[in-house]
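Here the structure is laid out as structure tokens; the discussion comes afterwards.
Below, chain A is the first sequence line, B the second, and so on; all start at residue 1. Since we're looking at a predicted model, the values are computed, not measured. Only this structure's heavy atoms are used, side chains among them; waters, hydrogens and symmetry mates stay out.
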Protein chains: 2
Amino acid sequence: MDLFTQSLPVSCALSLSSHERCNAYMKFEAATIKDIAKALGLSTSTVSRALRDSYEISEATKKKIKDYAAQINYRPNPVALSLKEKRTLSIGVLVSEIANTFFSQVINGIESIAYKNGYNVIITQSKESVEREEMILDYLTSRSIDGLIISVSAETNDFTNLKQLHEKGLPIVFFDRVVEEINTHKVVTDNLDGVYRATQHLLQNQCKRISVIANNANLSITKERLAGYKKALNEYKMNIDESLIKYCDHGGLIVEEVEKVVDELLTLKKKPDAMVLLADKITTETFSILKKKNINMPQDIAVIGFNNSKYTSLFSPALSVISQPAFEMGEQAAQLLLNLIESKRAVTDFKLEALAPEIIIRESSQISSR
Amino acid sequence: MDLFTQSLPVSCALSLSSHERCNAYMKFEAATIKDIAKALGLSTSTVSRALRDSYEISEATKKKIKDYAAQINYRPNPVALSLKEKRTLSIGVLVSEIANTFFSQVINGIESIAYKNGYNVIITQSKESVEREEMILDYLTSRSIDGLIISVSAETNDFTNLKQLHEKGLPIVFFDRVVEEINTHKVVTDNLDGVYRATQHLLQNQCKRISVIANNANLSITKERLAGYKKALNEYKMNIDESLIKYCDHGGLIVEEVEKVVDELLTLKKKPDAMVLLADKITTETFSILKKKNINMPQDIAVIGFNNSKYTSLFSPALSVISQPAFEMGEQAAQLLLNLIESKRAVTDFKLEALAPEIIIRESSQISSR
DNA sequence: CCCTTTAATGCAACCGATTGCAATGCTTTA
DNA sequence: TAAAGCATTGCAATCGGTTGCATTAAAGGG
């Protein structure tokens, strides 16, 4: 009986030397500590300790074991480690849509930090749907993530599920769309100030009837952004006309809802002369609709809105935007989450980081010609 | 000694009823089969079998167990399952950049299929760097993914690592940028035909000197796309001028490399009158550069290029694009990967799916006025 | 020379679930 | 009435790694 017939036909790395004798017939199976122990005539505990450089193991055996491990390209099985250590070294991220530039930039930020700390990122998207969000939360937590970074979906207004998870001890960090009732770290843009400055800019450009199209009224960002709008109007002693404030319950993900509110605004007896668009998707959809209707920006309507895509500078007219520091938000959220995960004792001092947005004025809102 | 002091202080779900008595002090720990067994005075095997509806367990105990499990909201620990079953129910996805619309659409497609089949998707990005790609591959495989969907980075031309993984039995599906030498499923756009038709369109519009800016010459997509360009020129009996063919080794991720080749093209003695842009990022960068230089499109230079963003229709001039069926690519790639993962026997019949791109002609390439 | 100390290694339990193989007790049949 | 059959349930090994607690043997001390 030679060296190879000893081994079971299905197992691959087991009795083999460092040379690959595997092929597509067999499952991808890595070498284990047991293989090393068997090959070297030692116990698994000795091997384990040697690989972790324990003082209890003699230098000679350590070297022997480490050399052999390197030779067969041994990697500890993370699944086994997770089971033992009760952590998965992975964090979940839930956003409404990956394809949204803002979110993909945030994800980049999260990834950069997570990666640096040996954490894995599981990215999911709710597509603004409550059911999907519930399903994903269930899924993510049953998949045992160590923590969660989330921007809640537009539709959601019942947070009992999330609250329960939090109470059970799952570390959570909110960003962008936060849940006030849950007491944990939050990273947001200074939404109030961003919209305040954007509205101010329009007012300085002689706009008299400034309309807004907001996301779902439930969302924290909607409330904050509307507050900024109102603050600016108040400052200019203009009264607030509720007919100029419109909402898109699905955050603009459904084209028709945007078309509907734009039409409503355009058919008002006293038409608006400006629009502040309070969500990324709503901004591009509205811009597209206005263009299709051959409405001149900024002459007919001055437009400024939230958006994080570089492409908006290529639009015609080049679009004025409120741009959020998305990458930094991701970094900060990830760092705060890792702090939570790795803190030995209960954290009670929660931070609310509000990062400054950037207002980029381009053609679509500058009415020097009016 | 009452019901609660019996339990260890650190463990949470253990001796508790369905009501949460956990809080932020304690780690998030779910109920286990052992808890159910203990609570009901049964063995773990009975509980396990009951939950999986085994015929061996009496209906009475089954009901008792299932009711209690539902009551305490029991979920099997996926980590333990993974260890036992040697699979993680998660697949890795490696793309060059998540923020690229094409890739985020592909990811959407992958997710939709993976999700439906109970698989988890771990998304990673190489940012076109070989080192990052190697690191991620190492990381992903050490994290025990069940399979991999990958579009290789522009920089990479050594595939031994990937080849080894494949030979060891890791199921891999390539999409977009494929590796010819590795024999497995591949999902691509019909790149040759797409560029052929785009070039043809320019030729029909009387363009005489059509330049191209391609991605890294190593990439499969570059070769296929250039072949389409050449096929069209040949058909129109035009000879191929190598000075009109430029490459961006980093796929346009570095702005300067695009600026450099655009400048080279614009300072040629015999200037090009059209540009075909063979990669998404290169398309938008070039468009932006041309706009900045106040070059009229299509009058001075007709432009068409690969891009999957909806935004291109809002550009001025509206940009003509070759759009790839990204979502479907993702779906198909994921389905093929799941087939590989779940097939009992070795797969030897590998598919090469080539999906038709869509050519969307807009203002930037239509020279009726010339 | 025997006893204690110390260094080096192995045994076995554990993490949470699954599963082949008993073991138990009850009913049925010859 | 004993043997066989069957329905239920439990024991224990397993997945791959970690770790507290032996165990062993060699070295040092009295």
- prompt: Regarding B:R132 and the six-membered ring of A:Y115, is the cationic atom NZ or CZ under 6.0 Å from the ring centre and inside 45° of its axis?
  reply: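 Checked: cation-pi criterion met.
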
Quiz item: A:L337 and A:Y119: side chain to side chain contact (heavy atoms under 4.5 Å, CB included), yes or no, with the steps?
Solution: CA-CA 11 Å; A:L337 184 67; A:Y119 279 77; over 6 Å; no

Nearest-angstrom distance from the residue atom [atom1] of [X] to [atom2] of [N]:
X     : N      : atom1 : atom2 : value
B:E59 : D:dT8  : CD    : C1'   : 12 Å
B:L40 : D:dG10 : CG    : P     : 10 Å
B:K38 : D:dG10 : NZ    : P     : 15 Å
B:L42 : D:dC11 : CG    : P     : 11 Å

Name of the residue among A:L94, A:I150, A:I122 meeting side chain to side chain contact (heavy atoms under 4.5 Å, CB included) with A:I136: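 Between A:I136 and the candidates, side chain to side chain contact (heavy atoms under 4.5 Å, CB included) is satisfied uniquely by A:L94.
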
_side chain to side chain contact (heavy atoms under 4.5 Å, CB included), paired with A:K163, selected from A:D158, A:I172, A:I182, A:V179_ =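 Considering A:D158, A:I172, A:I182, A:V179, a side chain to side chain contact (heavy atoms under 4.5 Å, CB included) with A:K163 is found only for A:I182.
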
Original post:
For A:T156, what residues pass the side-chain hydrogen bond (donor to acceptor under 3.5 Å, both in side chains) criterion, not counting sequence neighbours?
Top reply: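 With neighbours one apart ignored, the set is A:E133, A:S153.
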
- Query: So, A:E111 and B:K127, do they make that salt bridge, N to O below 4.0 Å?
  - Reply: no

Exercise. Taking only Lys NZ, Arg NE, NH1 and NH2, and the carboxylate oxygens of Asp or Glu, determine whether B:R177 and B:E128 approach each other closer than 4.0 Å.
Key: yes

### Message
Using only atom types and a distance under 3.5 Å, with no angle test, would you say the side chain of A:D35 pairs donor to acceptor with the backbone of A:T32?
### Response
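Pair found, side chain donor or acceptor close to backbone of A:T32.
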
With sugar-phosphate taken as primed atoms, P, OP1 and OP2 and all else as base, the protein-contact string of nucleotides 15-26 of chain D at under 4.0 Å (heavy atoms; B, S, -) is BBBBBB------

Under 4.0 Å, counting only non-hydrogen atoms across every strand here, what does A:T61 touch: a base, just sugar-phosphate, or nothing?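 If one applies the 4.0 Å heavy-atom cut-off, A:T61 turns out to touch the sugar-phosphate alone, with no base involved.
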
Axis-to-axis angle for the helix from C:dC1-D:dG30 to C:dA30-D:dT1, ends of five pairs each, to 10°, equals 80°

